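Below is one structure, written out as structure tokens; the observations come after it.
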Amino acid sequence: MTFTTGKFNAAVTPLYDNHGRPLTYLRLAVTDRCNLRCFYCMPEEGIRYLPKKDLLTFEEIERLITLLASLGVSKIRLTGGEPFVRHDLMDLMQRITEIPGIKDLHLTTNGVLTAPHVGALKKMGIASVNLSLDTLDRERFRVITRRDEFEPVMNTLNLLLEHDIAVKINAVVMEGKNIDDIVPLIELTRNQRVEVRFIEEMPFNGEGNHYPTLHWTYTRILDYIKSHYPNLVKLPDPQHSTAYTYSIPGHLGNLGIIAAFSRTFCGTCNRLRITAQGTLKTCLYDDGALDLRALLRADHSDDYIKQQLHTAFQHRAKDGFEAEQRRKNHLPVSESMSTIGG
Ligand code: SAM
């Protein structure tokens with residue numbers, strides 16, 4: 001959906017990075033806090049959340065998005081942590097829809113607190129909601145997320161579908177945890193217009209002490225799906241998509257596989273990230289390209305900040321492997337996705 005209610009005006013020609021990729025999509029973490037404790041994302045205890053003063057304020061977020069929109073960013077995804085843990089999230093979202101140049105606003109949520117807002121999301125013209133759901137089994141949900149919140153999440157899913165909001169379900173595929181859920185999750189696509197995406201597990205688990213072996217690569221996930229659905233059809237992948245997309249004849253929805261750890265999609269990556277504390281990342285695997293919060297709080301002009309952004313865009317790593325190698329401490333990635341903004 002393209003916003004027509006706001007001050008949306010003519011599209012800005014996007015900026016290109018040093019590898020000729022346009023930068024048009026921002027994923028912004030509004031908080032590092034989460035109400036679940038998915039074991040692949042966060043440790044159960046001992047998490048040190050950012051003090052509130054370290055989070056970007058809504059005014060700072062609005063200013064940054066306005067600046068980025070003037071440089072050609074037109075698609076925004078709010079994520080976290082869990083975005084709905086941040087008070088007044090809906091106000092921020094409404095304000096973002098009114099920023100000139102922003103065409104699409106998306107949201108990634110775990111669905112625990114989302115249901116009461118589904119009507120308002122629809123009214124605001126949300127382009128899509130990504131719902132994280134690794135299993136359809138209540139007990140497995142409790143084990144994976146370390147919280148007993150399966151019912152509110154399913155309620156959110158049903159409401160999103162009832163309101164005809166585009167929904168993508170994100171399921172991380174994990175050996176010994178949810179392999180038996182792959183087929184039931186795909187079965188959701190039989191009668192519902194939903195896209196179910198299976199994601200390779202990445203080492204962003206906040207643990208710092210182990211780099212998991214990837215048992216379920218995208219090719220293994222694909223082989224497994226094909227063994228259950230031999231008539232799987234490959235669909236053309238949308239431009240800049242991170243997912244390989246497929247359909248099953250007769251199913252209303254479709255499915256995708258995201259090679260998040262194998263990093264096969266970097267060549268067309270159009271994404272920027274801003275963490276909850278205002279660090280710009282030009283690759284998920286880098287350790288920060290620019291401290292935007294410091295720039296904002298030092299009272300620099302819009303032009304100065306845009307110049308700094310421009311410079312960061314011109315030093316972007318070619319792919320996630322180069323970004324990881326360039327990290328200052330040369331240690332492998334281990335931070336939690338909740339601090340980065342997944
Ligand atoms: N709280 C929101 C949610 O649950 O959707 C947004 C933040 S969450 C960090 C965003 C996405 O990152 C989720 O779909 C989650 O499954 C994914 N994620 C987190 N840790 C991951 C990991 N180690 N490997 C792959 N995906 C991960």
Side-chain angles (χ1 to χ4, degrees), residues 27-44 47 49 76-86 89 93 106-115 117 121 126 128-135 140-141 144-147 149-150 152-154 156-157 160 167-175 177-178 181 185 194-218 221 242-243 256-265 271 273-276 281 284-285 320 324 332-342:
R27 299 166 74 100
L28 184 140
V30 294
T31 178
D32 60 335
R33 290 169 194 250
C34 193
N35 44 3
L36 298 181
R37 285 289 176 281
C38 303
F39 79 92
Y40 54 79
C41 183
M42 296 169 104
E44 182 157 24
I47 302 162
Y49 283 133
I76 307 289
R77 173 176 303 283
L78 296 187
T79 177
E82 171 50 35
F84 280 105
V85 167
R86 183 110 185 225
L89 176 76
M93 293 185 74
H106 304 250
L107 178 71
T108 299
T109 176
N110 61 28
V112 173
L113 300 172
T114 316
H117 304 288
L121 288 171
I126 188 96
S128 77
V129 174
N130 284 10
L131 182 70
S132 303
L133 182 61
D134 304 312
T135 174
R140 282 203 287 273
F141 183 95
I144 291 171
T145 67
R146 303 178 177 126
R147 297 288 185 271
E149 298 281 7
F150 180 65
V153 176
M154 289 308 286
T156 293
L157 173 61
L160 289 168
V167 187
K168 292 178 183 168
I169 292 178
N170 285 343
V172 180
V173 178
M174 296 160 289
E175 176 70 17
K177 298 282 189 217
N178 64 347
D181 285 288
L185 283 165
V194 61
E195 180 168 326
V196 177
R197 288 134 42 109
F198 297 100
I199 306 176
E200 285 180 350
E201 184 179 358
M202 295 182 284
F204 296 102
N205 50 36
E207 296 283 1
N209 55 4
H210 78 283
Y211 202 83
T213 311
L214 185 63
H215 295 284
W216 286 83
T217 59
Y218 70 103
I221 299 169
T242 53
I257 305 175
I258 303 184
F261 189 62
S262 303
R263 288 161 257 186
T264 54
F265 42 73
R271 291 146 184 248
R273 284 185 156 81
I274 296 180
T275 69
K281 287 166 73 79
L284 174 60
Y285 286 82
E324 197 172 4
V333 299
S334 67
E335 57 270 38
S336 164
M337 276 296 266
S338 64
T339 59
I340 302 173

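Atoms within a ligand are numbered from 1 in the order they appear, just like the ligands themselves. Bear in mind that the values here come from a model prediction, so they are computed numbers and not experimental data.
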How about Val112 and Val153: do any of their side-chain heavy atoms sit closer than 4.5 Å?
yes
Is Tyr40 close to ligand 1, meaning an N/O of one under 3.5 Å from an N/O of the other?
yes
Identity and distance of the protein heavy atom lying nearest atom 26 (N) of ligand 1
Val172 CG2, 3.5 Å
Heavy-atom distance to atom 1 (N) of ligand 1: which of Ser336, Cys34, Gly80, Gly81 wins?
Gly81
Measure Asp134 to ligand 1 on non-hydrogen atoms and call it side chain, backbone, both or neither using the 4.0 Å cut-off.
neither
So do the side chains of Tyr40 and Lys177 get within less than 4.5 Å of each other, counting heavy atoms only?
no
for atom 5 (O) of ligand 1, nearest protein heavy atom and its distance come out as Ser132 OG, 2.5 Å
Step by step, would you call Glu82 with Thr109 a side chain to side chain donor-acceptor pair (under 3.5 Å)?
CA-CA 6 Å; Glu82 171 50 35; Thr109 176; 2.7 Å; yes
So between Glu82, Met337, Met202, whose heavy atom ends up nearest atom 20 (N) of ligand 1?
Met337
Considering both backbone and side-chain atoms of Asn130, is one of its nitrogen or oxygen atoms within less than 3.5 Å of a nitrogen or oxygen in ligand 1?
no
Counting both backbone and side chain atoms, is some N or O of Ser338 under 3.5 Å from an N or O of ligand 1?
no
Counting only non-hydrogen atoms of the protein, does one fall under 4.0 Å from atom 10 (C) of ligand 1?
yes
Would you please indicate yes or no on a ring centroid separation below 6.0 angstrom for Phe204 and Phe261?
no
